[in-house]
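Both backbone and side-chain heavy atoms feed into the values below; hydrogens, waters and symmetry mates do not. Chain letters run A, B, ... following the sequence lines, proteins first, then strands; residues in each count from 1.
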Number of protein chains: 2
Amino acid sequence: MVKDVRKIKTERDIQQALLTLLTQKTVRQITVADICQTSLTSRSTFYAHYIDKYDLLENMVAVHTTMFAQQVHVRFMQMIDGQIDELVQGLLADMADKRPAIQILFTIHEDHADLQANFRSLLLKEWQRFIAPYGNAMQVPADLMATMGTNVQMTVLEWTLAHGDVSNAAVADAIDTIRKAVLLQIQPATN
Amino acid sequence: MVKDVRKIKTERDIQQALLTLLTQKTVRQITVADICQTSLTSRSTFYAHYIDKYDLLENMVAVHTTMFAQQVHVRFMQMIDGQIDELVQGLLADMADKRPAIQILFTIHEDHADLQANFRSLLLKEWQRFIAPYGNAMQVPADLMATMGTNVQMTVLEWTLAHGDVSNAAVADAIDTIRKAVLLQIQPATN
DNA sequence: GACAAAGTGTTCGAAAACCAACGTTTAATT
DNA sequence: AATTAAACGTTGGTTTTCGAACACTTTGTC
């Protein structure tokens, strides 16, 4: 079953409209009429695709979450010690075209639509899987270090989303220092 | 008679598609099927709006030409001696959102679709109107100076289209030198 | 509490776009 | 010159979108 192009275009326009409006108003302030006006679609068409504006928002967050989940999983599998930050850099490269959307959605924190929280949750899960084998030998609680690692990566991710790249030497240094500290806690023998 | 939004959207998509394709292929190499594929419209719909791809192109060129004509006319009226380059800067500011489109169309030179030539022609006409009063007193042919002035402005216009702004001091200096030379020919008494 | 204004969600006939199919034209190959 | 493939332009039935209308809920005001 192939989707009619009109559906694809309508949904694309509606989603883009919501992103645009989110840079101007809060979710609550945005009306369905606003979205339709901006996207050049009629309200009846909107309701043919989404239950309401929250359904639209949750849908968009879900799509990006799924994409991130798949990528983060694949990349973590390929990960070698000491290249954890490269994971985030690689992810950012893959998401290049979605950057504006992700950047906007990161500012939205609704009950069932919180992309930032989803990303953090996915990264945390992978960190926990990564740390698990070392768990017993560690001096520091595994969950704590997993959270630390996650937060460092989220920081890199958000900084890069906002500034385009981690070209700033000072920032790169700061992150690297923290990264090494975190890894040292996990693998005291190596390095 | 208000246009149906679907028509607006379809034409917007088709036009955007052509612009995109023009960055990859020549007009001749681009097929109607290409345009439809890129714009997510069906071929039957394309033919409901345009006779063929050249009709589409001419249409787009005509729109930008008309817009430029109106702006250049209004601004030339407000023009004061020595602020001729500000005209181009002002025009560029007004056309900010259309910059990518204009930039691409400037590279296309078809028989009845040559935006660059149209712009040059419009500027030249205004220069001729501007110079006319000084005509008899000038040491240099009026038409020559009009052409010179036009060329300088076209250069600024194209450079700014390509590089975003005339922030480069060297470029700004070079242009200013030429501008003054041109104006000096026209108004030997003033300055 | 009455009221107006604005937003919500639904319905339905008309208009537009889709898409697959078709025969025709064009251009390249042999 | 014959053949083939690709692009052209047209057609008609199907799907989607539009737009206006409707009743209903929410919000803020007098």
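The residue Leu40(B) sits close only to the backbone: its heavy atoms come under 4.0 Å of sugar-phosphate atoms, none of a base.
Formation of a donor-acceptor pair under 3.5 Å by the Thr66(B) side chain with backbone atoms of Ala62(B) is found in this model.
Here dT8(C) presents its P atom at 9 Å from CZ of Phe46(A), a figure rounded to the nearest Å. The distance between atom OH of Tyr50(A) and atom P of dT8(C), rounded to the nearest whole Å, is 16 Å. Counting to the nearest Å, the C1' atom of dT17(D) and the CG atom of Asp13(A) are 12 Å from each other. Atom-to-atom, NZ of Lys7(A) to P of dT17(D) comes out at 7 Å; the value is rounded to the nearest Å. Spacing between atom CD of Gln37(B) and atom P of dA6(D) amounts to 14 Å, rounded to whole angstrom units. Residue Glu11(A) contributes atom CD, which lies 8 Å from atom P of dT17(D) at whole-angstrom precision. Atom NZ of Lys25(A) and atom C1' of dG7(C) are 12 Å apart (whole Å). Spacing between atom CZ of Arg28(B) and atom C1' of dA6(D) amounts to 16 Å, rounded to whole angstrom units.
When the side-chain nitrogen and oxygen atoms of Thr45(A) are compared with OP1 and OP2 of dT17(D), none of them lie within a distance under 4.0 Å. Here His49(B) reaches the OP1 or OP2 of dA17(C): one of its side-chain N or O atoms lies under 4.0 Å away. Side-chain N/O atoms of Tyr47(A) include none lying less than 4.0 angstrom from OP1 or OP2 on dT10(C).
Trp127(A) and Phe130(A) have perpendicular rings, their planes meeting at more than 60° on a 0 to 90° scale where under 30° would count as parallel. The aromatic rings of Phe119(A) and Phe68(A) lie parallel to each other, with less than 30° between the two planes, well short of the 60° mark.
Each of Val32(B) and Asp4(A) has a nearest nucleotide on DNA chain D; the 5'-most of these lies closest to Val32(B). Both Ser39(B) and Asp34(A) sit near DNA chain C, but only Asp34(A) has its closest nucleotide nearer the 5' end.
The base of dG9(D) sits with one of its N or O atoms less than 3.5 Å from a complementary donor or acceptor on the side chain of Arg43(B). The base of dC19(C) is paired with the side chain of Ser44(B) by a donor and an acceptor separated by under 3.5 Å. Side chain Arg6(A) to base dA17(C): a donor-acceptor pair is found below 3.5 Å.
Side-chain polar atoms of Gln29(B) and Gln24(B) form no donor-acceptor pair below 3.5 angstrom.
Of all heavy-atom pairs between Leu124(B) and Thr150(B), the closest is CA-OG1, 3.3 Å.
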